[in-house]
*Asks:* 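What follows is a structure written as structure tokens; I'll ask about it next.
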There are 2 protein chains.
Amino acid sequence: MSFVALPGFRDAFPDALARRRRIFDVWRQVATRYGFEEYDGPPLEPLELYTQKSGEEIVEQLYTFTDKGGRSVALRPEMTPTLARMVAQRAAQLRKPIRWFSIPQLFRYERQQRGRLREHFQLNMDIIGEAGPLADAEVIAAAVDVVRALGFGPGEVRVRVSDRRVLAELLTDELGVREPELPGVLTALDKYERAGAAAQAGLGAALGGDAARTEGVARFAARLRDPAPLLATPAAAPLRACVGHLAATGLGAFVEVDFRVVRGLAYYTGIVFELFDAKRELRAICGGGRYDNLLKDVGGVDLPCVGFGMGDVVLGELIAARDGPAAGSPAVDVFVAVVGAEDRPSALALAHALRERGIRVEFALRTQALGKQLELAAARGARHAVVIGPSEREAGEAVVRALETGAEARVSLEHLATEYGFA
Amino acid sequence: MSFVALPGFRDAFPDALARRRRIFDVWRQVATRYGFEEYDGPPLEPLELYTQKSGEEIVEQLYTFTDKGGRSVALRPEMTPTLARMVAQRAAQLRKPIRWFSIPQLFRYERQQRGRLREHFQLNMDIIGEAGPLADAEVIAAAVDVVRALGFGPGEVRVRVSDRRVLAELLTDELGVREPELPGVLTALDKYERAGAAAQAGLGAALGGDAARTEGVARFAARLRDPAPLLATPAAAPLRACVGHLAATGLGAFVEVDFRVVRGLAYYTGIVFELFDAKRELRAICGGGRYDNLLKDVGGVDLPCVGFGMGDVVLGELIAARDGPAAGSPAVDVFVAVVGAEDRPSALALAHALRERGIRVEFALRTQALGKQLELAAARGARHAVVIGPSEREAGEAVVRALETGAEARVSLEHLATEYGFA
């Protein structure tokens, strides 16, 4: 009888896990440099945390079920509602602005297609309690610095920045879109760039089938390619400030203003942005924006927020496209080998002393010929073997063998245990 | 409208997350020193992965449900079946012995009592492909080294080691227990130490209500307190060797042989062990043992295994009992402050340069009086503030202020950006 993982779920073997850890380490380093503190929440949450405010796109794809206690629950599809709930709980005590990050695993249950995953990991960084565009610039800069820390420049990765307030003002003031229609119209516009004319049906539906207004908004959508006219409007002042801050930070070469970026989630209220590969071959690396009402809606605390989510999958594809298949790195520095079973106690004591020094040590777990042991040492990628036999033991010594060159040296056990440098 | 986490699930605010990360970091360090490689698997698995071989104790408590595709699934209650499945998939290619570790979040759904958690994190370390007692000693030594790395000595933490084969031989050869009755009898014996006479009912049930044999096994159970007679039997040779290896490693002071340790999981086949606090005030810190048949049962590959699981909760309680409430540590090294809005671009460039050096930097996200900014700097625990005003800017300099002493120095922006040491 044999089992496999559920469809859409990944087994992470050590080689894949090492690639994931590299991404996690960079996420954590950059977030920490930006003065963000890490938090985490439950992977399972009450369903109603998501049904209220996260926008249709997410709710349709929820991995949801009823638990043994009769509760409607969901595997978290995104971190923001959990963040909102947690911040609301301690809003009075927490010093603002709150700078928090998290690296949750997220889940969705959509129809399985082309091996699409049902889980991924995501860096979430959010600033809570500050409404100005410098906060937007700060999280955008952090997102850019993650890809920079992974070795990508503005020729490989770009960030597109927009502001829903600019679009909303034009849509309501000049194109006759009514306030309650706005979320639907923005969602339709979000699909416009990818779906083109096919998105026009969604637009029509969002405008109650009003052909004249649909036509007007569609014409507007087609003109969004050129950012200059909209960027000059008064409503674009925060966006202009944000872009200016990014330039002062030294990241201007990564930034493009592009009003075709709207983002799918219903809760965004201001500046929105996404990172993508410059060739536009992959899905977005990262998406985020300002969501000033969510905390009030979920937790009853009125605090402005801005943040982003950056997944491990597209980032991993980007790295793999550049680096090719990653070579496995050695799991071991030093392999301790013995000539006979009676050398074992000395070898165990030495192995433990080396591990205490932070050196990665392995040894054979059964009595084997020395050749066999050195074979395992080589297979593990150890750079040195330390061999203990009866004569060495008597002299209080061991033989250190550099596995690449075969060079050998006799070294005292004491020196090995305390300070010998395996260079 | 306000929400809370589901019962039994933890929100990890930054202070709690920092304590958890400290444990994770030590887990990862020690496992890596022992030459173990990290892997991970899905938190959600097919239900049948657990119903087959994990023993009643776990199956009763499964967090299980039917997904939208009609599959019976469970949030993983333990990592070992996932490990067995993954190793079986690549058994031919993987060099033995396999040394793997993982830090999964695990779930159970038992009746909610006294705030008992339904999730926790667990370090899993396993050696696969080696049947000898040196492999058992190796994983036990790693478990002990985790608590040592957290600062605990043999006065605070002990490891109790036993071997099911010794018990099984006595039970079948001398006390008339039949092979198929063994799992039930061992499970009853596992409860004996805690439940005392109350466990005798379970023993009776496991022996088909046979009063004479129940009486005999109960008398045997009462004598288990003294390990010496059993430890002298031929069946105890692997256990004696294991204890000898631990002594040679230098960890003998932590080790006790105690045949009352049986472990609850049905799949253990040999040496079993647990770590616990020396005062016996807490639940076990860690439990593990040899399970030589699981890989064959789950994946059809016949490889011997030994490993353990160590949870974050009891370990956290042990640390908290010693250290008291942990003081929050600063999230920021340097706070960059500006005199006026026109100093902002220089401040942004400097902040970014410092972050590039790995320094944790924060600055105010809106225009504020300098005093307000320094207040935030102090609240964040920053050791230094760097203040940029018009006159400093003109000179290409900034003022570095040590926040504890108030000492100030003028330093060139260039020097700050590239090499100034904030000592």
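Naming: A, B, ... by sequence-line order, numbering from 1 per chain.
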*Asks:* Taking A/R20, A/Q29, A/R148 one by one, which has the highest count of heavy-atom pairs under 4.5 Å against chain B?
*Replies:* A/R148
*Asks:* In terms of heavy-atom proximity below 4.5 Å to chain B, should A/R21 be classed as side chain, backbone, both, or neither?
*Replies:* side chain
*Asks:* Go through A/A88, A/G358, A/A84, A/G41 and name the one with the most non-hydrogen pairs under 4.5 angstrom from chain B.
*Replies:* A/G358
*Asks:* Could you tell me which portion of B/R355 (side chain, backbone, both or neither) has an atom closer than 4.5 angstrom to a non-hydrogen atom of chain A?
*Replies:* both
*Asks:* Look only at the side chain of B/Q373 and the backbone of B/Q368, and say whether a donor-acceptor pair between them is shorter than 3.5 Å.
*Replies:* yes
*Asks:* What orientation do A/F65 and B/F65 show, parallel under 30°, tilted 30 to 60°, or perpendicular over 60°?
*Replies:* parallel
*Asks:* OG1/B/T367 to CD/B/E342 distance, rounded to the nearest 0.5 angstrom?
*Replies:* 9.0 Å
*Asks:* Sort B/V73 into side chain, backbone, both or neither according to what part of it lies under 4.5 angstrom from a heavy atom of chain A.
*Replies:* side chain
*Asks:* Identify which part of A/R95 has an atom lying under 4.5 Å from any heavy atom of chain B, answering side chain, backbone, both or neither.
*Replies:* both
*Asks:* If only atom types and distance count, is the side chain of A/K96 paired as donor or acceptor with the main-chain N or O of A/A91 below 3.5 Å?
*Replies:* yes
*Asks:* For the residue pair A/R85 and B/D11, establish whether any side-chain heavy-atom pair is separated by less than 4.5 Å.
*Replies:* yes
*Asks:* Is it the backbone or the side chain of A/V361 that comes under 4.5 Å from a heavy atom of chain B, or both, or neither?
*Replies:* both
*Asks:* Tell me, side chain or backbone of A/A364 under 4.5 Å from chain B's heavy atoms, or both, or neither?
*Replies:* backbone
*Asks:* With a 4.5 angstrom heavy-atom cut-off, is it the side chain or the backbone of A/F335 that approaches chain B, or both, or neither?
*Replies:* neither
*Asks:* Side chain from CB out, backbone as N, CA, C, O: work out which of these in A/L75 comes under 4.5 Å of a heavy atom of chain B, or both, or neither.
*Replies:* side chain
*Asks:* Just checking, any donor-acceptor pair under 3.5 angstrom between side chains of B/D145 and A/H352?
*Replies:* yes
*Asks:* Counting heavy-atom pairs under 4.5 Å to chain A, which of B/R357, B/R380, B/R344, B/H245 comes out on top?
*Replies:* B/R380
*Asks:* With side chain to side chain donor-acceptor pair (under 3.5 Å) as the test, would you mind laying out the steps for A/Q105 and A/E119 before giving the verdict?
*Replies:* CA-CA 7 Å; A/Q105 189 172 18; A/E119 52 79 24; 2.9 Å; yes
*Asks:* Between A/L295 and A/L83, is a side chain to side chain contact (heavy atoms under 4.5 Å, CB included) present by the stated rule, with each step listed?
*Replies:* CA-CA 9 Å; A/L295 226 66; A/L83 171 69; 5.8 Å; no
*Asks:* Using heavy-atom distances under 4.5 Å, tell me whether A/Q89 contacts chain B through its side chain, its backbone, both, or neither.
*Replies:* side chain
*Asks:* Hey, is the main chain of A/L106 close enough, under 3.5 Å, to the side chain of A/Y63 for a donor-acceptor pair?
*Replies:* no
*Asks:* Do you know which of B/R71, B/E38, B/E37, B/R366 has the most heavy-atom pairs with chain A at a distance under 4.5 angstrom?
*Replies:* B/E38
*Asks:* Under the salt bridge (charged side-chain N to carboxylate O under 4.0 Å, His left out) rule, what do A/E45 and A/R76 come out as? Steps first, then yes or no, please.
*Replies:* CA-CA 6 Å; A/E45 290 276 13; A/R76 62 185 171 202; over 6 Å; no
*Asks:* Looking at B/G250, B/A135, B/P97, which makes the most heavy-atom pairs under 4.5 Å with chain A?
*Replies:* B/P97
*Asks:* With only heavy atoms counted, which part of B/A379 is less than 4.5 Å from chain A, the side chain, the backbone, both or neither?
*Replies:* side chain
*Asks:* Which region of B/F363, side chain (C-beta onward) or backbone (N, CA, C, O), has a non-hydrogen atom less than 4.5 Å from a non-hydrogen atom of chain A, or is it both or neither?
*Replies:* both
*Asks:* Please rank B/G35, B/A5, B/G132 by heavy-atom pairs under 4.5 Å with chain A and give me the top one.
*Replies:* B/A5
*Asks:* Answer yes or no: is there an ion pair linking A/D40 with B/R10, defined by an N-O contact shorter than 4.0 Å?
*Replies:* no
*Asks:* Is A/I359 in contact with chain B via its backbone, its side chain, both, or neither, using a 4.5 Å heavy-atom distance?
*Replies:* backbone
*Asks:* Please look at A/I127 and chain B and tell me whether the side chain, the backbone, both or neither of the residue comes under 4.5 angstrom of a heavy atom of that chain.
*Replies:* side chain
*Asks:* Which atoms of A/L94 come close to chain B, meaning under 4.5 Å heavy atom to heavy atom: side chain ones, backbone ones, both, or neither?
*Replies:* neither
*Asks:* Is it the backbone or the side chain of B/R90 that comes under 4.5 Å from a heavy atom of chain A, or both, or neither?
*Replies:* side chain
*Asks:* Chain B heavy atoms under 4.5 Å from A/E138: which part of the residue, side chain, backbone, both or neither?
*Replies:* side chain
*Asks:* Starting from the C-alpha separation in whole Å, work towards a yes-or-no answer on ring-ring contact (aromatic ring centres under 6.0 Å, His included) for B/F121 and B/F24.
*Replies:* CA-CA 9 Å; B/F121 291 88; B/F24 284 17; 5.3 Å; yes
*Asks:* Could you tell me whether A/R99 and B/E362 have a side-chain N and a carboxylate O separated by less than 4.0 Å?
*Replies:* yes
*Asks:* What part of B/L350 is in contact with chain A, defined as an atom under 4.5 angstrom from a non-hydrogen atom: side chain, backbone, both or neither?
*Replies:* neither
*Asks:* Below 4.5 Å, heavy-atom pairs only: which of B/G69, B/A18, B/A16 has the largest tally toward chain A?
*Replies:* B/G69
*Asks:* With chain B as the partner, which of A/L246, A/V332, A/T32 has the greatest number of non-hydrogen pairs under 4.5 Å?
*Replies:* A/T32
*Asks:* Within a 6.0 Å radius of atom NZ on B/K68, are there more than 12 heavy atoms belonging to other residues, nucleotides or ligands?
*Replies:* yes
*Asks:* B/Y39, B/Y34, B/F9: which one forms the most heavy-atom pairs within less than 4.5 Å of chain A?
*Replies:* B/Y34
*Asks:* State the CG-CZ distance between A/L44 and B/R118, to the nearest 0.5 angstrom.
*Replies:* 10.0 Å
